[in-house]
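Notes follow once the structure below has been shown.
The chains referred to below are lettered A, B, ... by the order of the sequence lines, with proteins before strands, and numbering in each begins at 1.
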There are 2 protein chains.
Amino acid sequence: MTQLERAKNKKITTEMKRVAGDEGLTPEYIRSCIAEGTVVIPVNIKHHRRNKLRIIGIGKGLRTKVNANIGSSPDRVNIMEEKNKLDAAIKAGANSVMDLSTGGDIEKIRKMVLQRSVLPVGTVPIYQAACETARKGKKISEMSIDRIFGIIEQQAEQGVDFMTVHCGVTRRIIETLRKSKRITGIVSRGGAFLAQWIVYNNEENPLYEQFDRLLDVAYKYDVTLSLGDGLRPGSLADATDEVQIGELSVLGELAERAREKNVQVMIEGPGHVPLNQIEANVLLEKRLCKGAPFYVLGPLVTDVAPGYDHIVCAIGGAVAAASGADFLCYVTPTEHLRLPGVDDVTEGVIATRIAAHAADVAKGIKGASDWDMQISKARGSLNWKRQERFSINPEKFRQERKKSKPKDARVCTMCGEFCAMRQSDLLSKKTKF
Amino acid sequence: MTQLERAKNKKITTEMKRVAGDEGLTPEYIRSCIAEGTVVIPVNIKHHRRNKLRIIGIGKGLRTKVNANIGSSPDRVNIMEEKNKLDAAIKAGANSVMDLSTGGDIEKIRKMVLQRSVLPVGTVPIYQAACETARKGKKISEMSIDRIFGIIEQQAEQGVDFMTVHCGVTRRIIETLRKSKRITGIVSRGGAFLAQWIVYNNEENPLYEQFDRLLDVAYKYDVTLSLGDGLRPGSLADATDEVQIGELSVLGELAERAREKNVQVMIEGPGHVPLNQIEANVLLEKRLCKGAPFYVLGPLVTDVAPGYDHIVCAIGGAVAAASGADFLCYVTPTEHLRLPGVDDVTEGVIATRIAAHAADVAKGIKGASDWDMQISKARGSLNWKRQERFSINPEKFRQERKKSKPKDARVCTMCGEFCAMRQSDLLSKKTKF
């Protein structure tokens with residue numbers, strides 16, 4: 001039985017208890033949210049060492065979680081580097097990782113990630129299907145339906161906790177897309193694979209048409225389905241258009257079908273979205289998908305900053321999460337330029353954690369502002385050791401402070417003897433006014 | 001006559017015309033906004049080579065502008081480094097710089113900045129007063145009132161375009177502060193200097209008490225006054241408290257007095273502010289200060305990320321500017337840790353420019369989204385040269401892309417042959433569906 005099925009049966013699982021403990025909420029709250037589909041716990045019943053996993057809940061009233069994408073590409077394959085990227089993501093504080101490998105021995109990389117990761121692991125099975133097909137010298141449109149489902153089952157069997165499936169890329173919406181005046185067409189790899197398949201074969205998306213087949217696999221292993229936005233906007237100009245919203249409506253219907261079959265489900269969201277459209281996007285998702293956890297990539301609030309897209313993502317992610325998004329997929333500085341390396345993973349995770357935390361404070365998530373209080377008290381009393389300890393990346397804190405030593409160790413070189421904290425300190429000692 | 005006085009007299013100046021041209025708005029619009037006090041053009045009539053300056057307008061309906069703080073501290077003095085920081089700020093696209101030097105020969109540094117900068121220059125004159133006093137072995141509370149005003153006049157005479165003056169730090173508000181339960185007390189250096197002066201001398205803030213004397217100097221040189229928030233919150237816990245809002249109310253009164261005397265004025269804002277309080281802060285400023293341009297430092301939406309405060313600032317700055325803030329002061333990655341170096345200046349300016357631009361798109365500022373359209377069209381057609389040209393930092397774009405070369409130069413190593421753009425490209429060529 002899946003977490004959802006047990007929740008519906010009023011059963012509180014070990015995983016629900018662990019999530020409740022972690023969030024400082026009651027197990028009954030977690031159970032009721034899972035039952036109504038507003039919280040998911042992505043953990044495959046076959047996941048290797050599942051008791052050692054850092055289980056997470058994603059959804060209503062919980063801390064905003066952060067995912068890091070790792071994985072090879074056809075142009076850059078190095079399993080050691082992927083290992084290091086995984087370790088960097090864990091160290092930087094990601095809550096989950098997705099292995100998006102499309103180059104080299106992707107099965108081997110996935111197995112390494114599943115073995116090594118203490119975090120829940122996600123994948124996009126259509127990537128493997130497409131890679132296999134391409135390697136055989138075939139066209140993407142020649143992917144076999146049975147092989148697609150075979151790969152999904154195989155990955156589920158290996159213990160993958162959540163999977164992106166682009167079930168909403170339907171024939172009808174591809175038609176809408178082709179009539180639209182989009183600037184950047186399709187920017188999702190999975191979306192593009194399926195769109196090609198649909199157009200060349202003149203057939204419906206098998207992940208949509210045989211959605212029940214997909215649900216059967218997901219149910220069997222309690223794989224959480226992450227309904228992908230294969231037609232997400234890839235530029236501000238394409239945001240919140242008829243294509244994106246058309247797909248989202250389909251995902252809403254599918255989410256309900258998944259819940260009926262006791263399959264946990266979350267919804268993926270854009271993409272490139274102007275700052276003033278983010279709140280509406282979150283609201284739409286929550287309405288059309290009946291409060292399903294919203295997993296957003298970015299959103300990127302401008303297209304103009306390749307090299308700094310982790311910052312662009314932090315702006316959009318903070319606003320999205322403050323508006324109700326539950327799960328932020330990081331974007332690294334190298335998005336739009338190249339496959340990220342180890343340092344890019346660290347930068348991406350930290351930037352997105354900042355966004356998630358800022359949103360949690362704004363949303364009033366239990367305990368969120370305590371962290372700020374701790375570091376601020378340490379700052380107010382010029383206690384540098386404690387500031388370091390409570391900073392989001394203590395190693396960075398130490399390195400940066402060391403680069404420029406103050407004459408008086410109580411302050412820093414920004415203000416030196418004129419440190420306002422030191423001055424207010426003097427001030428408070430004079431009691432008469 | 002100041003820009004404001006001439007605007008009130010229905011006179012359109014060369015500077016108004018230049019701002020109008022730069023913003024794609026009519027000179028009459030600029031004039032009317034200056035007349036009502038919702039736009040300022042900070043340019044001192046004595047600024048050296050004032051015709052070569054990149055004049056800016058700040059305020060209602062204009063692009064959000066970005067300021068970079070540079071300057072020495074008692075612990076780190078290197079005029080070459082300050083020169084390089086100035087050059088870095090200009091290169092990265094800042095719209096103004098403030099020289100906040102408090103170490104070494106600060107007069108010499110300021111003269112260098114005023115000579116070299118093509119951007120409007122701001123200062124905080126109380127720093128010089130405090131430094132001089134400290135160097136004489138005296139206490140800050142021994143600063144002489146005449147010397148404070150003398151320094152203000154001297155800096156105005158040298159051509160400083162805008163000055164931060166902490167006129168709102170009054171005795172009454174210091175009393176409020178001392179009764180308050182603030183976590184981080186005073187975090188503004190200028191605010192702390194004046195608070196000490198007030199408390200130790202048991203006298204009113206001279207910049208408040210002799211505000212007319214200040215206005216006379218500002219009027220004479222058309223120095224734009226930036227009414228500083230000496231009591232801004234230095235932690236989320238202190239945001240939007242009675243101290244901050246008390247000071248803001250005083251600034252609102254002073255802003256009106258400045259305008260009556262034909263002195264251009266803007267208002268400085270926080271500081272550390274939770275994401276969900278930013279909009280209210282902007283609204284309050286606009287109401288209490290009758291639409292005066294709002295110049296915000298950050299706001300920082302969490303206290304926990306020293307080493308990454310440029311990202312924290314980008315989140316807060318984007319939301320503030322989208323809510324109506326007009327002028328963003330950057331925060332560098334090293335805030336709370338050390339004096340920024342040259343690279344920190346670049347990172348700070350770029351992050352803040354991203355925030356400003358994202359907000360301009362959200363606010364619907366004329367022409368803002370054209371930039372995104374340009375790069376996105378280039379991206380959609382896989383034109384890498386044009387993407388580089390339209391990216392916020394072409395040098396960074398080039399460097400990052402070069403670090404990992406794709407097999408096929410049409411794509412990048414993120415997706416290689418599976419590039420969605422390339423796939424959609426194939427898709428659009430098949431016309432039948």
- Task: Could you walk me through whether V304(A) and Q374(B) pass side-chain contact (heavy atoms from CB on, under 4.5 Å), step by step?
- Result: CA-CA 9 Å; V304(A) 305; Q374(B) 295 274 22; over 6 Å; no

For [X], which atoms come within 4.5 Å of any heavy atom of chain B: side chain, backbone, both, or neither?
{"X": "Y127(A)", "result": "neither"}
{"X": "E347(A)", "result": "side chain"}
{"X": "H272(A)", "result": "side chain"}
{"X": "C419(A)", "result": "neither"}
{"X": "E335(A)", "result": "side chain"}
{"X": "F390(A)", "result": "backbone"}
{"X": "A368(A)", "result": "neither"}
{"X": "I183(A)", "result": "both"}
{"X": "I315(A)", "result": "both"}

Which of [options] touches chain A most, by non-hydrogen pairs under 4.5 Å:
{"options": "N393(B), L337(B), I392(B)", "value": "L337(B)"}
{"options": "L300(B), L236(B), V361(B)", "value": "L236(B)"}
{"options": "Q277(B), R401(B), R182(B), R189(B)", "value": "R189(B)"}

- Short question: side chain of T413(A), backbone of D75(B) - any donor-acceptor pair under 3.5 Å?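 No: the side chain of T413(A) does not pair with the backbone of D75(B).
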
Would you say [X] and [Y] make side-chain contact, with heavy atoms under 4.5 Å?
{"X": "R338(B)", "Y": "P406(A)", "result": "no"}
{"X": "M373(A)", "Y": "S235(B)", "result": "no"}
{"X": "S376(A)", "Y": "D303(B)", "result": "yes"}
{"X": "H310(A)", "Y": "I311(B)", "result": "yes"}

Between [options], which residue shows the highest count of heavy-atom pairs closer than 4.5 Å to chain B?
{"options": "G416(A), A362(A), S188(A)", "value": "A362(A)"}
{"options": "S391(A), A237(A), P274(A)", "value": "S391(A)"}
{"options": "T302(A), N276(A), D372(A), I375(A)", "value": "D372(A)"}
{"options": "G234(A), S73(A), A351(A)", "value": "S73(A)"}

Check [X] against [Y] and note the closest heavy-atom contact, atom names and distance.
{"X": "K407(A)", "Y": "P74(B)", "answer": "NZ-O, 2.8 Å"}
{"X": "G307(A)", "Y": "K396(B)", "answer": "O-CE, 3.5 Å"}
{"X": "A134(B)", "Y": "E417(A)", "answer": "CB-OE1, 4.3 Å"}
{"X": "A318(A)", "Y": "L275(B)", "answer": "O-CD2, 3.6 Å"}

- Query: In this structure, are over 12 heavy atoms from other groups packed under 6.0 Å from E279(B) atom CD?
  - Reply: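 Not buried by this count: 12 neighbours or fewer within 6.0 Å.
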
- Determine, step by step, whether S404(A) and R76(B) satisfy the side-chain contact (heavy atoms from CB on, under 4.5 Å) criterion, reporting the C-alpha distance in whole Å, the side-chain angles of both residues, the deciding distance to 0.1 Å, and the verdict. CA-CA 8 Å; S404(A) 165; R76(B) 199 161 144 192; 3.3 Å; yes

- Message: Quick one, F418(B) with C131(A), criterion side-chain contact (heavy atoms from CB on, under 4.5 Å). Give me CA distance, side-chain angles, the key distance, then yes/no.
- Response: CA-CA 9 Å; F418(B) 299 127; C131(A) 289; 3.6 Å; yes

